Amino acid sequence: MSRRCELTGKGPMSGFNSSHANNKTKRRYLPNLQDVTLQSEILNRGVKLRISAAALRSVDHRGGLDAFLAKAKDEELSANALKLKKEISKAQAAAA
């Protein structure tokens, strides 16, 4: 399982630990990933995703998973999220 957010594409970054004596050693900064179940109002079901805490706040800010995926860029989304986005857009077209 990769350490990458399924909605924003946020992944590990690299940097340095700095000691009191200013010695530098390489380290990795990992994103704060959470396993969450988000509700899709259009599909009427829950969807399990592994997303960062920042992405969870963005989903709430935009008004839910369906609204977030409608505005999200396809290259940032994981394969699972992209499939979900297409499924939601199909369901919206069928309802309209």
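None of these values were measured; they are calculated from a predicted model.
Between the side chains of Asn32 and Ser52, not a single donor N or O lies within less than 3.5 Å of an accepting N or O.
Here the CG-NZ distance, from Asp74 to Lys86, works out to 7.0 Å after rounding to the nearest 0.5 Å. With rounding to the nearest 0.5 Å, the separation of CD in Glu87 from CG in Leu69 is 11.0 Å. In this structure, CG in Leu49 is found 8.0 Å from OG1 in Thr37, a value given to the nearest 0.5 Å. Considering CZ of Arg27 and CG of Asn17, their distance stands at 5.0 Å, rounded to 0.5 Å.
For the pair Gly15 and Tyr29, the tightest heavy-atom approach, listed with the atom from each and the gap, is CA-CE1, 3.9 Å. Scanning both residues, Glu6 and Ala81, for their nearest heavy atoms gives O-CB, 3.6 Å. Contact detail for Leu77 and Leu7: the closest heavy-atom pair is CD2-O, 3.4 Å. Across all their heavy atoms, Ser40 and Asp66 have their closest contact at OG-OD1, 2.8 Å. Taking both residues in full, the closest heavy atoms of Ser14 and Lys26 are given as OG-NZ, 4.3 Å, listed atom of the first, atom of the second, then distance.
With a 6.0 Å radius and a threshold of 12 heavy atoms from other residues, nucleotides or ligands, Gln92 has its CD atom above the threshold. Atom NZ of Lys10 has 12 or fewer neighbouring heavy atoms from other residues, nucleotides or ligands inside a 6.0 Å radius.
By the salt bridge (Lys or Arg N to Asp or Glu O under 4.0 Å) test, Glu76 pairs with no residue at all, sequence neighbours left out. Considering only residues two or more places apart in sequence or on other chains, Ala21 meets the side-chain contact (heavy atoms from CB on, under 4.5 Å) condition with Ser19, Asn23.
Not one N or O on the side chain of Gln34 forms a donor-acceptor pair closer than 3.5 Å with the backbone of Ala53.
A heavy-atom distance below 4.5 Å is not found between the side chains of Arg28 and Met13.
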